[in-house]
2 protein chains.
Amino acid sequence: MPVERKAGEGGGAVVGFRPLYRQVKERLVRRIAAGEWQAGRIIPSEFQIAAELSVSQGTVRKALDEMTAENLLVRRQGVGTFVASHDEDRILFQFFKLTRDDGGREFPDSQVLAVERARANAEEAARLSLARGSHVVRIHRLRSLGGAVAISEHIAVPAARFPDLERSEPVPNNLYGLYGGRYGVTVARATESLKAVPCPEADAALMGIAPGMPVLLIDRLATDLDGQEVEWRVSLCRTDRFHYLSDLK
Amino acid sequence: MPVERKAGEGGGAVVGFRPLYRQVKERLVRRIAAGEWQAGRIIPSEFQIAAELSVSQGTVRKALDEMTAENLLVRRQGVGTFVASHDEDRILFQFFKLTRDDGGREFPDSQVLAVERARANAEEAARLSLARGSHVVRIHRLRSLGGAVAISEHIAVPAARFPDLERSEPVPNNLYGLYGGRYGVTVARATESLKAVPCPEADAALMGIAPGMPVLLIDRLATDLDGQEVEWRVSLCRTDRFHYLSDLK
DNA sequence: CGTCTTATGTCTTATACAAGACTAATAAGC
DNA sequence: GCTTATTAGTCTTGTATAAGACATAAGACG
């Protein structure tokens with residue numbers, strides 16, 4: 001592997017230097033981002049990658065270690081290393097924090113109310129870093145937990161990255177799985193901002209609660225491997241029988 | 001180091017086996033938990049620990065790697081490895097998730113309203129795993145962000161682990177720093193459960209908002225290195241100008 | 001159909017060397 | 001003689017590599 005070397009020892013600042021294993025990691029991440037290695041598929045063995053890049057297996061392993069820690073890869077001893085896929089179990093653990101008060105964790109059901117393609121409004125364009133006049137696909141759906149409607153959710157994604165998403169019938173329950181499987185878009189991170197607000201009338205009617213009742217507003221911005229914004233999602237959640245679980249460690 | 005060996009190869013399940021570096025890690029964690037290594041202090045070098053336990057430096061390093069990833073240690077190349085202390089910066093990053101809407105992150109001021117020692121009620125005893133009749137110390141305080149009161153907070157800790165806490169004057173702003181520095185209790189993890197609720201009259205008056213206004217209720221249970229419950233904290237937060245930030249990755 | 005062998009992964013441990021940081025001795029300048 | 005800058009030494013963590021142990025699955029074989 002063509003290694004980035006440090007600047008001459010004479011005194012130059014070594015600004016561009018990164019350890020070898022990070023250079024390896026970056027190249028491997030790029031392969032996933034480019035779709036060369038697809039979600040759920042196995043990747044070459046540590047020795048194969050090491051030989052290809054002319055580094056030792058231990059160096060590759062350290063790169064894979066970090067990627068595994070970031071939930072990008074899944075390893076199975078004796079079998080191989082796989083690109084993590086957004087299956088329901090992973091979503092439930094990593095991205096879905098609303099839980100029944102009795103503690104049972106489950107993947108919510110979805111009932112899609114509307115799907116449309118339209119020009120992004122100012123707020124959508126700002127949050128998704130879109131140019132003026134770009135299109136988005138909007139999805140509005142209700143989500144149920146343990147049989148009861150718990151969430152009213154508005155989603156916006158850039159239409160350019162998800163062609164014909166508005167015509168996909170039916171819209172699957174697990175959206176991130178669709179993003180990865182059909183469009184090769186990997187949701188790597190998300191930032192959620194939470195507030196307590198009075199429930200608007202429209203959503204209250206849909207969720208079967210009194211208007212003005214306090215609900216949890218979750219504003220989520222999801223980004224892909226390159227840090228590009230991929231999805232903006234605003235969820236209104238009942239918290240009379242549910243709660244948002246956050247582990248600090 | 002007396003290594004745990006695997007069961008005979010004849011076919012027994014290798015239930016008790018753990019890798020060497022995890023055995024090392026566990027021993028080192030125990031030293032911190034026992035107060036042998038105190039918060040903020042430097043620990044012996046990797047080679048010293050390796051020699052003492054009769055393992056290689058790389059094995060010690062792997063144990064320290066994991067402990068660093070868990071925010072238990074802080075490393076400084078060329079200097080040494082230190083036991084992480086609960087200074088304000090770390091708290092802000094790890095345990096304090098409420099942020100001003102304009103994005104500025106800061107450590108909140110505190111105004112203590114009441115401190116008392118009393119027998120634990122049923123709920124406190126349950127949450128803190130205390131025996132019937134045990135005592136707790138209760139603290140009620142207001143916390144301000146950017147000059148405005150943002151949080152009304154009720155805290156309960158086992159009196160047995162924090163003797164004379166109710167007589168400590170004044171109660172410091174950074175409680176976890178006090179737990180570690182004066183009582184040798186390290187808060188390692190915390191679980192927060194969030195709900196949107198109408199603000200009770202008493203707290204509304206204290207925070208200067210209308211009663212019944214939606215506020216964020218944060219129910220936090222903090223545990224030490226051994227998983228023992230250390231503190232139960234219920235915070236009511238205004239979210240009209242603040243929000244709870246949660247990074248999913 | 002069950003058991004053993006073998007091939008091929010990842011996992012663990014060990015070792016060597018590089019890079020950063022502090023200390024103290026040393027030399028230059030006033 | 002005192003101060004200050006430099007430099008060598010040494011101790012620390014960081015990086016890279018190699019070799020053997022362990023886990024798994026598939027095929028050979030009875």
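Model, not experiment: these values are computed from the prediction.
The distance between atom NZ of B:Lys25 and atom P of C:dT13, rounded to the nearest whole Å, is 13 Å. If you measure from atom CD1 of A:Ile42 to atom C1' of D:dT24, you get 11 Å, rounded to the nearest angstrom.
Using a 4.0 Å heavy-atom cutoff across all strands shown, B:Thr59 reaches sugar-phosphate atoms only and no base atom.
Residues forming a side chain to side chain contact (heavy atoms under 4.5 Å, CB included) with B:Arg31 (at least two apart in sequence, or on another chain): B:Glu36, B:Trp37, B:Glu52, B:Leu53. For A:Tyr21, the ring pair (Phe, Tyr, Trp, His ring centres under 6.0 Å) criterion is met by no residue, not counting sequence neighbours. Partners of A:His243 by side-chain hydrogen bond (donor to acceptor under 3.5 Å, both in side chains), not counting sequence neighbours, listed by chain and number: A:Asp101. Every side-chain hydrogen bond (donor to acceptor under 3.5 Å, both in side chains) that A:Ser56 has, sequence neighbours left out, goes to A:Thr59. With sequence neighbours excluded, the residues that form a side-chain hydrogen bond (donor to acceptor under 3.5 Å, both in side chains) with B:Glu229 are B:Ser129.
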*Would you give a per-nucleotide map of nucleotides 5-11 of chain C, 5' to 3', where B means the base has a protein non-hydrogen atom under 4.0 Å away, S means only the sugar-phosphate does, and - means neither?*
----BBB
